[in-house]
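These notes are about the structure you will find just below.
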Amino acid sequence: RHCLCQRSAMSLFVFLLLLAFSSLLFAENFHPERTLYIDGTPSSSGLKNFLFRGNMPINGSHFAYEELVATLRQVARTQGNVSLPEDFFLTDISYLNPFEFKDEEIEREFFQSNSSRGTFINWIICTFFKYLKSFDEFFSWKSLLFGEIGRA
């Protein structure tokens, strides 16, 4: 049994390692054509909030802020029939997984250095738990990965 657990843990480790490398290999640049205007609504402060959806706004190793802003203005005009204000504060909500740490670092550093332009939020989406049938199955996976773990 112990040998089987070690093999399963090693297989899982190799799979996760390959997943991490594949995210680095298949990283892509900003594609303005993938940007969509979703909605706009007034806020309690009287200003208007806008919601867009697009892919990673990174080109190479830098955050594509100017290209992103130009794209948001164009998409708001053509898809939403609205104009963005001259000055606005951008909230960049990202769903990067832990293997995309380099992209997250680029975005985080941009907004740390340019805090007057916006802020960065990364909400990791983990679907691993979606496929588990019970907490017991979770603890058996956790035990397999991290050794024997007691439950309270």
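Basis for what follows: all heavy atoms, side chains included, without hydrogens, waters or symmetry-related copies.
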Note, Leu90 side chain near Leu68 side chain (heavy atom, < 4.5 Å):
yes

Does the side chain of Ile93 reach to within under 4.5 Å of the side chain of Tyr95, using non-hydrogen atoms?
yes

Atom CG in Asn114, atom OG1 in Thr119: separation rounded to 0.5 Å?
12.0 Å

For residues 59-79, which residue pairs qualify under salt bridge (charged side-chain N to carboxylate O under 4.0 Å, His left out), counting only residues two or more places apart or in two chains?
Glu66-Arg117

Please list, chain by chain and in numerical order, all residues satisfying ring pair (Phe, Tyr, Trp, His ring centres under 6.0 Å) with Phe120, sequence neighbours excluded.
none

Tell me whether Leu72 shares a hydrophobic cluster with Val82, the cluster being built from Ile, Leu, Val, Met, Phe, Trp, Tyr side chains joined at under 4.5 Å.
yes

By side-chain contact (heavy atoms from CB on, under 4.5 Å), which residues pair with Ser115, not counting sequence neighbours?
none

Ring pair (Phe, Tyr, Trp, His ring centres under 6.0 Å) against Tyr65, all qualifying residues, sequence neighbours excluded:
Phe110

Tell me, please, which residues at least two apart from His62 pass side-chain hydrogen bond (donor to acceptor under 3.5 Å, both in side chains).
none

Can you list the residues that meet the ring pair (Phe, Tyr, Trp, His ring centres under 6.0 Å) rule with Phe30, with sequence neighbours excluded?
none

From CG (Asn55) to NE2 (His31), nearest 0.5 Å
5.5 Å

For Pro85, enumerate each residue passing the side-chain contact (heavy atoms from CB on, under 4.5 Å) test, keeping only those at least two apart in sequence or located in another chain.
Phe50, Phe88

On the 0 to 90° scale, with breaks at 30° and 60°, tag the Phe63-Phe111 ring pair as parallel, tilted or perpendicular.
perpendicular

Taking atom CG of Asn49 and atom OG1 of Thr41, what is their separation to the nearest 0.5 Å?
7.0 Å

So, using salt bridge (Lys or Arg N to Asp or Glu O under 4.0 Å) as the criterion, who are the partners of Arg34 when residues are at least two apart?
Glu28

For Leu36, what residues pass the side-chain contact (heavy atoms from CB on, under 4.5 Å) criterion, not counting sequence neighbours?
Ile38, Gln79

Given 3.5 Å as the limit, does a donor-acceptor pair link the side chain of Asp39 with the main chain of Leu51, or not?
no

Under 4.0 Å between a Lys/Arg side-chain N and an Asp/Glu carboxylate O for Glu105 and Arg108?
no

Run the side-chain hydrogen bond (donor to acceptor under 3.5 Å, both in side chains) test against Gln112 and tell me which residues pass, sequence neighbours left out.
none

Shortest non-hydrogen contact from Thr71 to Pro32?
OG1-CB, 3.5 Å

Before you tell me yes or no, could you show the steps for Ser94 and Glu107 under side chain to side chain contact (heavy atoms under 4.5 Å, CB included), namely the whole-Å CA-CA distance, both residues' side-chain angles and the distance that decides it to 0.1 Å?
CA-CA 9 Å; Ser94 182; Glu107 288 192 86; 3.8 Å; yes

Determine the minimum heavy-atom distance between Ala64 and Asn59, stating which atoms define it.
CB-ND2, 3.7 Å

Any residue meeting side-chain hydrogen bond (donor to acceptor under 3.5 Å, both in side chains) with Ser61, in chain and number order, not counting sequence neighbours:
none

Below 4.5 Å, heavy atoms only, C-beta onward: do Met56 and Asn29 meet side chain to side chain?
no

What heavy-atom pair brings Lys48 and Gly40 nearest, and what distance separates the two atoms?
CE-C, 3.7 Å

Got a sec, which residues hit side-chain contact (heavy atoms from CB on, under 4.5 Å) with Ser116, two or more places apart in sequence or on another chain?
none

